[in-house]
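Throughout, protein chains are lettered first and strands after them, A, B, ... in sequence-line order, and every chain is numbered starting at 1. Source: prediction; values computed, not measured.
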Number of protein chains: 2
Amino acid sequence: MSSAVKAGTRRGAAVPSGAKPAAGPPAKPDVKGADARSAEGGFSLPPGRALAICLQLQTAILEHRLRPGMKLSEDEVGEIFGASRTVVRAALHALAHSGLVSMERNRGAFVSRPTIREAHEVFEARAVIEPRVARLAAGCTTESQLENLKAHIEAEHVALAAGEMSRSLYLSGQFHIAVSEIADQQVLGTIIRSLISRSSLIIALYWKRPDTACESHSHHALMRAMESQDGQGAEEIMKSHIVDLHSGLDLVEHSHHDQALSEVFKK
Amino acid sequence: MSSAVKAGTRRGAAVPSGAKPAAGPPAKPDVKGADARSAEGGFSLPPGRALAICLQLQTAILEHRLRPGMKLSEDEVGEIFGASRTVVRAALHALAHSGLVSMERNRGAFVSRPTIREAHEVFEARAVIEPRVARLAAGCTTESQLENLKAHIEAEHVALAAGEMSRSLYLSGQFHIAVSEIADQQVLGTIIRSLISRSSLIIALYWKRPDTACESHSHHALMRAMESQDGQGAEEIMKSHIVDLHSGLDLVEHSHHDQALSEVFKK
DNA sequence: CAATCCGGAATCGTATACAATTTTTAGGCA
DNA sequence: TGCCTAAAAATTGTATACGATTCCGGATTG
């Protein structure tokens, strides 16, 4: 049933939609150090083909082309990517470990639907970890890294101006990842990537207002703090930025879809 | 070659070696809330049988029965646990995601050998995260949870007195996990579990002195801070405790095994 | 008419078989 | 003796097949 998964062209580039050139010249940014090692959670790359499937699925989820709750049938995904269930299974397990999909025994894999509680916890965790990492990063930012950050912000602006909401959010996450990579802490970096991935799901579910160009300002301020080696400042900006993100969510039971119907007309 | 893996009885309890009764009566503690949900990294449990294998391998690694660098052949593990390679593979992948084993393409799975850099990063990460979690935990510790912590410390003492070094370290890690569970933060708790698991590997590789009953004191102090709801104190104690652990490591290239030989007689 | 029960279809869990790659070993040659 | 080459052995990567469980629809019955 259903034509659920419709990600990219069977064998497009690993991050096809990630290279979308909104405007010609100013869009050279494109996540620099986030190639293969930015894989799922960051850990042990699944062998061979599974990794490609992983990345495509991940990108699709992070760009909200696959919404939370969608079923990822092994057969279906396998047919789409022209792979056997064995490797699809590996890919799905990998994504499950990174928290993007959840697997229910004998029922299959679904794009994760973070609970409200988990949403809170993810952003609390980010509020604990990322500010500290931002401080570390501020202490050792090179010129080219600053350029990279600038390009990221640039790209965010472009996407936002073009009204590409989901892509904008994706890039926003990539910015945070870029910051964590500057800190050159792989362990914390991996953790942060995982949290940001999950944040993407949370935002897809609980975002309050579809407008709000809130991001770019904080990101710019953060970059400037890093530019002037202001660790303390960077830490504080990051902290408040994440708190802002957290409070920008509408964390109440959403009573989604038909459940709402049966609930509304109950009596 | 080799009779590498020799964990438990093919189908013993999930955590057989974890229940080793050093002394009869005083050993009732045994990790309370750390049953199945304390699985590997904490994430998506591999389906069915794989989970059991996961847990057994994990326990063996955490107790240093499987040393870093050991090869975990799929066939071999499969034969030992009476399972087919399919499920063994899933188990190994899961452990790889939690950082306990590393897989090299076309070469197989090995118990991870954390690099010195990774060792530093893991303890830096713990120093960032755990103190904050300890603070949270201190604010909401119930009586029974205190009892549980007490039992943990008790068990550590017993193991230490019996000279069971590796088990003592294992229990030390479990104590930290117990603290994180009190904080009732699943996301951060999962992260902490993963970091502690890796710490176990790091300690196996880089521990300085095989003696040192250093742990228990800090743990006891932490417990008392939590008992008196002293969040600030708990945070500080945890912080310094982790720094102590970090500095208790001998983080220099160990030139292990034969490499040492060729090095010694080089000139 | 509604609730329940059963059978088919679909999907997942596991085992086994085959292909690809690596490692090792045996052999030949300088 | 030492080193390079090549074939064999071992191990992993992938595909397919079969059994088990769940889901969905229709028939039966109170």
Legend entry - Between P of D/dA17 and CG of A/Asp75, the distance in whole Å: 13 Å
Inset, instruction - Round to the nearest Å and state the distance from B/Arg85 atom CZ to D/dT12 atom P. - result: 7 Å
Inset, instruction - Please tell me which of A/Val87 and A/Asn106 maps to the more 5' nucleotide of DNA chain D, matching each residue to the nucleotide holding its nearest heavy atom. - result: A/Val87
Inset, instruction - Rounded off to whole Å, could you give me the CD-to-P distance for the B/Glu74 and C/dT22 pair? - result: 16 Å
Inset, instruction - Scan side-chain atoms only and decide if B/Glu130 and B/His176 contain a donor-acceptor pair under the 3.5 Å cut-off. - result: yes
Legend entry - Nearest-nucleotide pick for A/Arg89, side chain only, options being D/dG13, C/dA15, C/dC12: C/dC12
Inset, instruction - Not counting sequence neighbours, which residues clear ring pair (Phe, Tyr, Trp, His ring centres under 6.0 Å) with A/His246? List them please. - result: A/His120, A/Phe123
Legend entry - B/Arg105 CZ - D/dT11 C1' separation (whole Å): 13 Å
Inset, instruction - Establish, with yes or no, whether the OP1 or OP2 oxygen of D/dT14 is under 4.0 angstrom from a side-chain nitrogen or oxygen of A/Thr86. - result: no
Inset, instruction - Take B/Glu121 and A/Gln186 through the test side-chain hydrogen bond (donor to acceptor under 3.5 Å, both in side chains) and record every step on the way to the result. - result: CA-CA 7 Å; B/Glu121 289 194 1; A/Gln186 297 194 353; 5.9 Å; no
Inset, instruction - Output yes when A/Arg198 and A/Glu118 qualify as a salt bridge under the 4.0 Å nitrogen-oxygen rule, no when they do not. - result: yes
Inset, instruction - Starting at atom CG of A/Leu51, determine the distance to atom P of D/dT14, rounded to an integer number of angstrom. - result: 11 Å
Legend entry - d(CG, B/Leu72; P, D/dT11) in whole Å: 13 Å
Inset, instruction - Give a yes or no on whether a donor-acceptor pair under 3.5 Å exists between the nucleobase atoms of D/dG13, that is its base, and the side chain of B/Arg107. - result: no
Legend entry - Residue-phosphate contact under 4.0 Å: A/Arg49 side-chain N/O, D/dA15 OP1/OP2: yes
Inset, instruction - Determine whether A/Leu72 and A/Phe110 make a side-chain contact, defined as any pair of heavy atoms from C-beta on separated by less than 4.5 Å. - result: no
Inset, instruction - Would you tell me if any nitrogen or oxygen in the side chain of B/Lys71 comes within less than 4.0 Å of OP1 or OP2 on D/dT12? - result: yes
Legend entry - d(CD, B/Glu104; C1', C/dA20) in whole Å: 18 Å
Inset, instruction - For B/Glu79 and C/dT16, give me the distance from atom CD to atom P, rounded to whole Å. - result: 13 Å
